[in-house]
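Being a predicted model, the structure only gives us computed values, none of them experimental.
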Amino acid sequence: MNNDVRRIAIVTGGSSGIGLEFAKLFSRDGYSVVIVARNEQQLINAKSEILGTYHFADVHIVSIDLSLQNSADVLYDKICCMGLEYVDVLVNSAGFGDYGMFKNSSRKRIDDMIELNIRALTDLCHRFADLMSCRRRGIIINLASAAAFQAGPYMSVYYATKAYVLSFSEALAYEMRPFGVTVTAVCPGPTISGFEAAGLNMGRSLLFKSTKPMSAASVANKAYRSSMKGHVHSYCGFVAKLAAFGSRFIPRNLAARISTAITGMPDF
């Protein structure tokens, strides 16, 4: 397929986990895919994995640390230099969390989490939503979480960043619909995606021990179908559905206690 007629999809966090699964799905359906992540070797491996399955795929890699300030601008400039700025799909899958007492957390890790989970996502949406609206078409997929629906003691900053992603995505979906652009907030429960390893000690939390996590592929497939239908939300798994609908009826202070019971308390 000629690049001139290919649709273009950008996937952050595309070297592994849910992001890589999204990249595979868009490659399967004939998109030119730009996978973005920090580790260049992992990106090379991810590209090889995609091409091993879809030999016709057109895959580009961009190695950049989106937790750095102004990184979204740098990424946008690189994509423009590649001649791929007229994006049809933006998938903001990059993100990480932490597990432990907030007062004991690294200040740098907190700053990096906010920068990546919130600012980079917002900046990329701002960059590409305008271009999409001018063309009267586009899809934005933002990875929120079941964590977005309540406060999360011992994962306080992560839960708060995902609440932002959910609220922002819902509002942006309303604004962009008249321009032919859809926005989907993906809300998975516990998922085996590499995320639990990236978050310090998260694999030790009860959240991953007391529930059966979904696979990254199953989350991406469910979210892919939802986004293609223009759905604002994609609830992936029982925990996500319970959090979304239970939050409507449970007082917020009680929800925080339930969240703690599910997640567990870290070792002090």
Side-chain angles (χ1 to χ4, degrees), residues 8-29 31-54 57-68 71-72 75 78-79 89-99 109 112-113 115-118 120-121 124 140-147 155 158 161-162 165 184-205 207-208 211-224 227 234 236-237 240:
I8 299 169
I10 296 176
V11 183
T12 71
S15 64
S16 62
I18 297 172
L20 175 56
E21 297 301 328
F22 268 120
K24 291 176 182 177
L25 291 170
F26 285 108
S27 294
R28 179 198 66 188
D29 287 349
Y31 285 77
S32 289
V33 176
V34 183
I35 53 175
V36 182
R38 180 174 56 181
N39 188 301
E40 185 171 11
Q41 185 57 55
Q42 288 182 2
L43 284 168
I44 293 171
N45 295 342
K47 179 177 179 178
S48 297
E49 185 176 339
I50 294 170
L51 293 175
T53 305
Y54 305 109
D58 180 42
V59 183
H60 306 261
I61 64 174
V62 178
S63 175
I64 187 170
D65 185 352
L66 288 172
S67 68
L68 300 177
S71 57
L75 173 59
K78 287 187 176 185
I79 289 171
V89 179
L90 170 65
V91 181
N92 282 303
S93 181
F96 73 92
D98 207 350
Y99 175 60
R109 191 165 179 82
D112 288 350
M113 195 187 311
E115 190 71 32
L116 178 59
N117 293 8
I118 294 179
L121 178 146
L124 288 172
I140 296 173
I141 302 172
N142 290 331
L143 198 66
S145 171
M155 295 177 67
Y158 172 74
T161 63
K162 291 306 179 179
V165 172
T184 300
V186 182
C187 302
T191 306
I192 299 300
S193 63
F195 168 83
E196 72 283 357
L200 293 178
N201 300 318
M202 283 192 61
R204 295 166 53 199
S205 76
L207 187 62
F208 283 87
T211 61
K212 183 178 180 181
M214 296 181 68
S215 69
S218 61
V219 170
N221 273 281
K222 171 70 166 60
Y224 187 87
S227 66
S234 180
C236 305

Check whether any side-chain heavy atom of Ile140 lies under 4.5 Å from a side-chain heavy atom of Thr184, and answer yes or no.
no

Minimum side-chain heavy-atom gap Met113-Asp98 below 4.5 Å:
yes

Can you confirm whether Val186 sits close enough to Asn142 that some side-chain heavy atom of one is under 4.5 Å from a side-chain heavy atom of the other?
no

Separation between CD (Gln42) and CD1 (Ile61), nearest 0.5 Å, reads 11.5 Å

Please answer whether the main-chain N or O of Leu43 pairs with a side-chain N or O of Ser15 as donor and acceptor at a distance below 3.5 Å.
no

Where do Val34 and Val11 land on the side-chain contact (heavy atoms from CB on, under 4.5 Å) test, with the steps shown first?
CA-CA 6 Å; Val34 183; Val11 183; over 6 Å; no

Taking the side chain as C-beta and beyond, is there a heavy-atom pair between Ile44 and Gln41 under 4.5 Å?
yes

Given the rule in the side-chain contact (heavy atoms from CB on, under 4.5 Å) test, do Ile192 and Ser215 qualify, once you have shown the distances and angles that lead to the verdict?
CA-CA 5 Å; Ile192 299 300; Ser215 69; 5.9 Å; no

Note, Ser27 side chain near Val59 side chain (heavy atom, < 4.5 Å)
yes

As an exercise, state the distance from CG of Leu116 to CZ of Arg38, rounded to the nearest 0.5 Å.
9.0 Å

State the NZ-CG distance between Lys78 and Leu75, to the nearest 0.5 angstrom.
8.0 Å

Inter-residue atom distance Asn45.CG - Ile50.CD1, 0.5 Å rounding
11.0 Å

So how far is it from Ile10 CD1 to Ser93 OG, rounded to the nearest 0.5 Å?
13.5 Å

Close side-chain approach of Ser234 to Tyr224, heavy-atom, < 4.5 Å:
no

Interatomic distance, OG@Ser227 vs CZ@Phe26, rounded to 0.5 Å, equals 5.0 Å

Quick one: are Tyr31 and Val89 in side-chain contact, heavy atoms under 4.5 Å?
yes

Hey, are the side chains of Ile141 and Leu90 touching, using non-hydrogen atoms and a 4.5 Å cut-off?
no

Under a 3.5 Å distance rule, please check whether Lys24 uses its side chain to pair with a backbone N or O of Ala217 as donor and acceptor.
no

